[in-house]
Amino acid sequence: MRNGEIAEAFEELASLYELDGAVVYRVVAYRNAAKAIREAGVSVAELQRQGRAEELAGIGSTIAEKIGALLEDGSIPSADRMKERIPSGLIEVTRIPGLGPKRARQLHEQLGIASLDDLRRAAEEGRLKDVSGFGPKAEENVMLALAAGADGRDKPRVLLSKALAVGEELVAALRDHPAALRVELAGSARRLADTCKDLDVVAAASEPAALTAAFCELQAIDQVHSSGEAGAKAVTHSGLPVDFRIVPEESFGNLLQHFTGSGKHNEALRGEAVKRGLHVSEYGIADDEGGGTEAFETEEQVYERLGMQFIPPELRENRGELKAARDHALPELIVEADIRGDLHMHTIASDGRNTIREMAEAARDHGYEYIAITDHSATHGFNNDVSPDELERQLERVRELDVDGITVLAGTEGNVLPDGSLDYEDDLLARLDWVVASVHTSFRMPEREMTDRMVAAIEHPLVDAIGHPTGRMLGRREGYALDIERVIEAAARTGTFLEINSNANRRDLPDVYARAAAEAGVTLVIDSDAHGVDTLPKMLRYGIATARRAWLTKEQVANTRAWPELDKARKRSR
DNA sequence: GCCGTTTTCGGCCCGACTGTTTTCAGTCG
């Protein structure tokens with residue numbers, strides 16, 4: 001059973017307990033456990049089998065036992081018992097804005113509502129307002145939410161690339177306004193998360209009302225839901241909700257820190273602060289001793305006041321960054337300028353849009369020292385396959401190419417066939433400078449076979465790196481079933497690099513796995529997988545973002561080295 | 001239910017907004 005599925009079961013259990021009226025801390029404990037399981041860099045099922053599940057923060061003996069039951073019997077007994085009393089449709093009711101567990105439970109007890117359909121009927125028949133605590137406004141809001149398409153599912157999140165495009169435009173426009181003193185993008189977009197559910201924009205202004213008015217008038221803004229002195233809530237034409245908040249300039253650091261999150265980071269940070277008599281909010285830090293509240297203009301000052309190193313936004317996920325910052329032991333994270341070459345890209349030989357020369361010149365103009373041309377391979381299909389003969393010709397083209405100021409390597413992105421072999425003969429692969437191996441077919445293999453397949457590719461002596469190792473497509477498909485620990489172990493053992501594919505749809509390896517891989521001694525390689533000169537350097541931003549979220553330093557990434565040095569460090573030279 | 005440079009028991013972030021109340025619980029981020 002995969003981490004996502006186990007996490008799902010505990011999310012459901014938390015919701016059931018919540019509807020059952022359990023103390024909130026128990027509910028929070030299950031939600032925390034679900035998050036810890038989802039984000040674990042290892043297989044939690046495997047961990048449980050080894051009796052080590054309690055090593056994860058947030059998993060105690062009770063939850064470990066429930067994981068065991070879930071793996072053994074396919075369900076959690078306490079959840080099964082509650083489901084006899086609490087209809088599962090009620091969980092969807094709690095996802096209607098304004099209806100939480102308490103009110104959903106009331107509706108169930110007093111009106112027998114057990115599903116969204118029941119809720120719709122009751123609202124239409126005007127029965128909701130008879131429930132104590134409900135009034136005409138509550139009934140109207142339910143109708144509006146249902147009419148607006150609320151279906152009890154979480155709203156889809158948008159890719160970081162899309163969120164940043166909109167967010168950076170908003171920020172630039174606001175900074176142009178004469179009343180603007182400070183304007184920054186905050187929230188998950190600033191943390192460079194894979195996806196965002198909304199945008200948070202924070203500001204300090206000489207005239208808050210004027211800047212808020214200007215925000216509401218921005219071209220990108222479609223509807224404004226509420227607005228006042230302290231900011232506004234709105235939705236862009238692309239449907240992305242935006243929270244805009246203004247505080248006095250002296251509190252800007254506190255506001256930025258608060259709205260950058262994550263929620264878990266702030267919760268943990270505040271919990272630790274309380275133990276020392278400090279209370280952190282978006283307005284400042286209150287001290288029990290003396291009673292005053294200190295405001296800070298910069299985030300650096302906020303963390304310093306709490307006795308910590310400045311924590312880069314990408315690390316603020318409550319994954320150990322608070323302790324590291326207290327110990328002044330945060331890693332020096334990789335930056336885009338550390339990257340010296342790009343080892344995965346396509347040309348017109350397969351599905352790219354530019355020639356080898358065009359890609360080489362674009363890379364050189366960007367400042368890269370080397371690139372590898374890695375078109376798709378013999379079995380790729382989609383009219384993009386490069387036959388062995390064509391690869392021979394491609395090899396000649398690269399050898400004959402003369403572009404000053406950059407080393408161009410001849411390579412391939414070979415397909416890993418279902419049995420783990422590659423789709424070119426070894427003697428041809430051996431003549432290439434660089435081999436990326438990726439899975440592009442037969443995604444639905446069972447975990448053991450898929451892992452065997454991947455490990456076989458990793459063990460191939462001529463494979464330098466595994467491309468987009470999990471195969472996930474954000475918002476579109478899960479990665480294939482893979483025992484990531486075995487993959488990492490094999491990569492570490494053989495010295496095979498694992499790619500962080502920078503494509504904004506992929507960001508694969510995902511951050512938590514990339515971190516686990518680096519900790520196991522695997523070297524990562526950050527590639528653009530560009531299909532044209534337009535995305536060649538641009539896409540790398542997202543790979544770097546994932547690498548930073550994985551706590552990577554430049555030493556852990558192969559292509560921060562010059563090519564001769566990298567060449568000597570790879571597995572073929574062992 | 002979890003956890004421990006306060007604690008193995010008693011804590012567990014902070015504030016805004018809403019709608020329904022007569023002082024606040026529930027929800028949200």
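In what follows, chains carry the letters A, B, and so on, assigned in the order in which the sequence lines appear, proteins first and then strands, with residues in each chain numbered from 1.
The nucleotide whose nearest atom lies closest to any side-chain atom of A:Arg270 is, among B:dA16, B:dG1, B:dC13, B:dC13. Looking at the side chain of A:Pro101, the nearest of the listed nucleotides B:dC13, B:dG15, B:dT27 is B:dT27. Of the listed nucleotides (B:dG29, B:dG1, B:dC13), B:dG1 has the atom at the smallest distance from the side chain of A:Tyr30. Distance from the side chain of A:Pro136 is smallest to B:dT20 among B:dT20, B:dG19, B:dG1.
In this structure, A:His279 atom NE2 and B:dC14 atom C1' are separated by 10 Å, rounded to whole Å. Per the geometry, NZ belonging to A:Lys264 stands 14 Å off P belonging to B:dG29, to the nearest Å. Atom CG of A:Asp200 is separated from atom P of B:dC28 by 17 Å (rounded to the nearest Å). Atom pair A:Asp243:CG and B:dG15:P shows a separation of 18 Å (rounding to whole Å applied). Atom P of nucleotide B:dG4 and atom CD of A:Glu54 are separated by 13 Å, given to the nearest angstrom. Between the CG atom of A:Leu199 and the P atom of B:dG29 there is a distance of 14 Å, given to the nearest Å. Remark: C1' of B:dT27 and CZ of A:Arg103 are 9 Å apart, rounded to the nearest angstrom.
Salt-bridge formation is detected for the pair A:Asp287/A:Arg305: a Lys NZ or Arg NE/NH1/NH2 atom is positioned less than 4.0 Å from an Asp or Glu carboxylate oxygen. Ion pairing between a basic and an acidic side chain is recognised when a charged N comes within 4.0 Å of a carboxylate O; A:Glu447 and A:Arg2 show no such pairing. A:Glu125 and A:Arg121 are not joined by a salt bridge, as no carboxylate oxygen comes within less than 4.0 angstrom of a charged side-chain nitrogen.
Across all strands, A:Asn141 comes closer than 4.0 Å only to sugar-phosphate atoms, never to a base (heavy-atom distances).
Taking the side chain as every heavy atom from C-beta outward, A:Leu474 and A:Asp508 never approach each other to under 4.5 Å.
Per the stacking criterion (ring centres < 5.5 Å, plane angle < 30°), A:Tyr25 does not stack onto the base of B:dC2.
Remark: nothing in residues 307-322 of chain A comes within less than 4.0 Å of DNA chain B through any heavy atom.
Using cut-offs of 30° and 60° on the angle between ring planes, the pair A:Tyr30 and A:Phe10 is parallel.
Side-chain N/O atoms of A:Ser61 include none lying less than 4.0 angstrom from OP1 or OP2 on B:dG1.
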